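Below is one structure; the comments refer to it alone.
Both ligands and their constituent atoms are indexed starting at 1 by order of listing. A quick note: this is a predicted structure, and the numbers were derived from the prediction, not measured.
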Amino acid sequence: MDKILVTGGAGFIGSHLCKRLLHEGNEVICTDNLFTGSKANIRELFQNPNFEFIRHDIIDTLHIEVDKIYNLACPASPPHYQNDPIKTIKTNILGTMNMLGIAKRLKIRVLQASTSEVYGDPDNAHHPQDESYWGNVNPIGIRSCYDEGKRVAETLCFDYHRQNGVDIKVIRIFNTYGPNMKINDGRVVSNFIVQAIKGDKITIYGNGQQTRSFCYVDDLVDGMVRLMESEPGFTGPCNIGNPSEFTMLELAEKVIKLTGSKSKIVFEPLPQDDPKQRKPDISLAKEKLNWEPKIALDEGLLKTIAYFKGVCV
Ligand SMILES: NC(=O)c1ccc[n+]([C@@H]2O[C@H](COP(=O)([O-])OP(=O)(O)OC[C@H]3O[C@@H](n4cnc5c(N)ncnc54)[C@H](O)[C@@H]3O)[C@@H](O)[C@H]2O)c1
């Protein structure tokens, strides 16, 4: 089995990935600066002798010997990545360069967690989005530190691959949800669930007709591991997400029903540069990874609601 570095391993997705890799018998080194992640997310993993946590910021040099790297470190929700936009760009650029540098020195494989945000606000001709779409991103807006940061991180991966032969895998993650998401981190699923559990008003930005697709975290982690283990030469980028599309209004109504809440829905103005629609074309993941999501929205929401009921009280 392998010794695997997971950066951002104390975050929402990273904590599930660490758990899965340990379960498969690997040794896992989790590095995280705990900006949005927390030790609570990885508490149970400390009992496993194959798990090690290092508090570390990926923009600083890391001396380490591992067999594989999953590079997830980066705040993912708008309030967090906009809190210190320059730090977000540094994490994406300097942090990714550091990881690619390790991969180059050790001649190991690195998987870069990219995002559907590289597609920006897609035009109608590119809906659903496949990997050949170059995107429609505002380079100077308040989301750019994340969107453009992730785009440059992809560029770096491909330049290290072409110039230095680094073995890269680039995953473009679409909206993911599940246990260990932070309360109040501004993401729609956690917002709606927490508001519904507390009986607060459920806030929809815009008219509620903008659509998103939601992938349960176990499905995403499965796609991530499949991509890491995929055939040599397949670099991606590869979309991983759930193509079932829901409007924000449909999601809010589902959450109210599944929580049994009496919350009312209210509408507020749409934030700047918020994409109106986003849906993955997952043909490439189906073909190359034999992957497609298995967990339906209702099932995933119920598991997520159970988690938030435990942390909201
Ligand atoms: N959740 C989603 O829907 C989604 C969608 C697309 C892409 N992604 C990507 O997946 C990855 C994980 O996202 P998440 O949802 O788990 O977010 P998260 O904020 O829960 O996790 C990110 C982790 O990275 C850590 N981190 C941030 N900056 C760091 C730095 N400079 N050095 C070390 N650690 C740092 C945070 O403390 C946190 O533990 C991110 O790269 C994100 O861009 C997530």
Enumerated ligand 1 atoms positioned under 4.0 Å from heavy atoms of Gly11
20 (O), 21 (O), 38 (C), 39 (O)
Per-atom filter on ligand 1: closer than 4.0 angstrom to a heavy atom of Ser114 are 7 (C)
The protein heavy atom nearest to atom 17 (O) of ligand 1 is Ala76 CB, 3.5 Å
Can you tell me the protein heavy atom closest to atom 3 (O) of ligand 1 and the distance?
Thr176 N, 2.9 Å
Backbone of Met248 reached by a side-chain donor or acceptor of Glu250 within 3.5 Å
no
Out of Arg187, Met224, His56, whose heavy atom sits nearest atom 1 (N) of ligand 1?
Arg187
Which atoms of ligand 1 have any heavy atom of Gly37 under 4.0 Å away?
36 (C), 37 (O), 38 (C), 39 (O)
Please could you name the atoms of ligand 1 that Lys150 approaches to less than 4.0 Å, counting only its heavy atoms?
40 (C), 41 (O), 42 (C), 43 (O)
Checking the side chain of Ser213 only, and the main-chain atoms of Pro243 only, is there a donor and an acceptor separated by less than 3.5 Å?
no
Of all protein heavy atoms, the one nearest atom 37 (O) of ligand 1 is Asp32 OD1, 2.6 Å
Would you find a donor on one side and an acceptor on the other, under 3.5 Å apart, between the side chain of Gln112 and the backbone of Ile171?
no
If we number the atoms of ligand 1 from 1 as shown, the ones under 4.0 Å from a heavy atom of Leu34 are 37 (O)
Do you know which of Leu5, Val170, Leu100, Thr7 makes side chain to side chain contact (heavy atoms under 4.5 Å, CB included) with Val110?
Leu100
Check: of Tyr146, Phe12, Phe174, Tyr81, min heavy-atom distance to atom 8 (N) of ligand 1 comes from Tyr146
Tell me which protein heavy atom sits closest to atom 44 (C) of ligand 1, plus the residue, atom name and distance to 0.1 Å.
Ile13 CD1, 3.6 Å
I'd like to know if His80 contacts ligand 1, where contact means a heavy-atom distance under 4.0 Å to any ligand atom.
no
Do you see a donor-acceptor pair shorter than 3.5 Å between the side chains of Lys182 and Ser77?
no
Ligand 1 N/O within reach of Thr115 N/O, cut-off under 3.5 Å
no
Atom 18 (P) of ligand 1 - nearest protein heavy atom and its distance
Thr36 OG1, 3.7 Å
Which heavy atom in Val225 sits nearest to a heavy atom in Tyr70, and how many Å separate them?
CA-OH, 3.6 Å
Which protein non-hydrogen atom lies closest to atom 32 (N) of ligand 1, naming both residue and atom, and how far is it?
Ile58 N, 3.0 Å
Within the 4.0 Å heavy-atom shell around Phe35, which atoms of ligand 1 are there?
37 (O)
Relative to the heavy atoms of Pro75, which atoms of ligand 1 are at a distance of less than 4.0 Å?
19 (O), 27 (C), 28 (N)
Spacing of NE2 belonging to His23 relative to CG belonging to Asn48, to within rounding of 0.5 Å
11.0 Å
So, the side chain of Asn26 versus the backbone of Leu21: is there a donor-acceptor pair under 3.5 Å, distance only?
yes
Which heavy atom of Asp185 sits nearest to which heavy atom of Ser190, and what is that distance?
OD1-OG, 3.1 Å
Closest heavy-atom pair and its distance - Trp134, Arg151
O-NH1, 2.9 Å
Would you please determine whether Asn175 falls within less than 4.0 Å of ligand 1 on a heavy-atom basis?
yes
Glu231 atom CD: more than 12 heavy-atom contacts under 6.0 Å
yes
State whether the side chain of Arg172 and the backbone N or O of Cys238 hold a donor-acceptor pair below 3.5 Å, judged by distance alone.
no
Considering only the protein, which heavy-atom contact is closest to atom 40 (C) of ligand 1, and what is its distance?
Leu72 O, 3.1 Å
Please state which protein non-hydrogen atom is closest to atom 29 (C) of ligand 1 and give its distance, to 0.1 Å?
Asn33 ND2, 3.3 Å
